[in-house]
Amino acid sequence: RISCRASSAAPPKTALKDFIHISDFDKETIMKILHRASEVKAQLKSGDRSFQPFKGKSLAMIFAKPSMRTRVSFETGFFLLGGHAIYLGPDDIQMGKREETRDVARVLSGYNDIIMARVFAHQDILDLAKYAPVPVVNGLTDYNHPVQIMADALTMIEHIGKLEGTKVVYVGDGNNIVHSWLLLASVVPFHFVCACPKGFEPDEKTIQKARSTGISKIEISYDPKEAVKGADVIYSDVWASMGQKEEASYRKQRFQGFQVDEALMELAGPKAYFMHCLPAERGVEVTDGVIEAPNSIVFPQAENRMHAQNAIMLHLFGL
Ligand code: CP
């Protein structure tokens with residue numbers, strides 16, 4: 001009988017094999033990926049489907065948590081560039097429960113050229129990347145959401161003309177989106193303010209890490225009216241994220257005064273854009289009027305998930 005037991009030693013990992021945190025990359029690489037995203041987007045928007053760099057490649061998409069944007073943008077984006085994407089939902093895979101993450105990593109790497117995973121615990125994506133010989137892309141954890149922030153950065157460049165030197169004010173919970181902004185601010189210089197209620201600040205270590213680079217101005221504010229003044233972007237997200245739904249009514253109380261409404265947008269000034277990673281709870285963290293206003297760029301932002309992710313995968317493949 002032939003044994004097919006794999007070695008338990010983790011394969012060697014090159015620094016940039018995976019896309020797990022934006023701060024793993026330098027500014028030049030981030031900007032190069034964003035530039036590539038614009039080029040590939042323009043080609044796709046022109047109707048030209050001749051660029052097929054993912055032809056013959058397959059993407060395994062692990063979803064331990066629900067998603068609309070992440071699933072559809074990865075699957076469609078990979079398909080449009082010639083590849084094939086496979087969806088694995090919670091009924092197909094239970095990393096760390098039915099099967100060890102290191103086994104999942106090596107089995108899927110035998111079938112696929114790249115893995116994207118939305119997992120809950122951040123350690124799971126680190127383990128997946130450690131044990132998978134193929135590139136791993138982080139599609140959201142309880143700590144960060146790097147592909148979302150790459151799409152956000154692309155959207156800012158398209159609408160404001162730049163990312164560097166802008167003022168981004170996030171209003172709400174200091175969650176995984178905020179951590180991603182802080183990690184981006186560790187690499188690209190801009191002014192980032194997180195306006196949140198006391199007790200809902202982002203992870204202190206991540207704030208310190210971003211501040212220690214000295215690259216960006218980083219502030220935590222408890223006064224959204226003051227924080228938004230002069231902003232280029234006001235950014236919001238749901239007040240109760242993954243694993244916090246049971247606290248939703250308590251959070252609604254604590255976040256009073258942190259809704260992005262027309263009055264807050266007016267305080268920011270006429271040049272301020274509204275952004276949100278979606279899904280949004282209209283009437284809770286943002287009013288219907290703000291999301292529907294001409295300076296709301298939430299839908300181009302959602303579309304850019306696909307283009308930013310395609311460029312990230314092209315970069316990881318060295319294409
Ligand atoms: N913004 C985002 O990640 O959306 P989904 O949860 O729909 O993937």
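Just follow the structure's listing: the first ligand is 1, and inside any ligand the first atom is 1.
- R71 does not count as a contact of ligand 1, since none of its heavy atoms falls under 4.0 Å from the ligand.
- By the criterion of a heavy-atom distance under 4.0 Å, neither the backbone nor the side chain of L140 is placed next to ligand 1.
- The nearest protein atom to atom 6 (O) of ligand 1, hydrogens excluded, is given as R118 NH1, 2.9 Å; this is a heavy-atom distance.
- Side-chain N/O atoms of K41 and N304 include a donor and acceptor closer than 3.5 Å.
- Using a 30° and 60° split on the angle between ring planes, F78 and F54 fall in the parallel class, below 30°.
- Taking the six-membered ring wherever Trp is involved, the centroid distance between the rings of F200 and W239 does not fall below 6.0 Å.
- Listed by number with element, the atoms of ligand 1 under 4.0 angstrom from any heavy atom of R305 are 1 (N), 2 (C), 3 (O).
- Protein heavy atom closest to atom 4 (O) of ligand 1, with residue, atom name and distance, is R69 NE, 2.9 Å.
- Between H122 and H179, the ring centre distance reaches or exceeds 6.0 Å.
- For ligand 1, the atoms lying closer than 4.0 Å to a non-hydrogen atom of M68 are 5 (P), 7 (O), 8 (O).
- Note on ring orientation: taking the six-membered ring where Trp is involved, the planes of F25 and H315 are perpendicular (angle over 60°, cut-offs 30° and 60°).
- Near H145, the atoms of ligand 1 lying under 4.0 angstrom from a non-hydrogen atom of the residue are 2 (C), 3 (O).
- On a distance-only criterion, C277 and ligand 1 share at least one N/O pair closer than 3.5 Å.
- Ring geometry for F190 against W181 counts as perpendicular: the plane angle is over 60°, on a 0 to 90° scale with 30° as the lower cut.
- The number of heavy atoms from other shown groups lying within 6.0 Å of CD (Q52) is above 12.
- For ligand 1, one of its N or O atoms has an N or O atom of L278 under 3.5 Å away.
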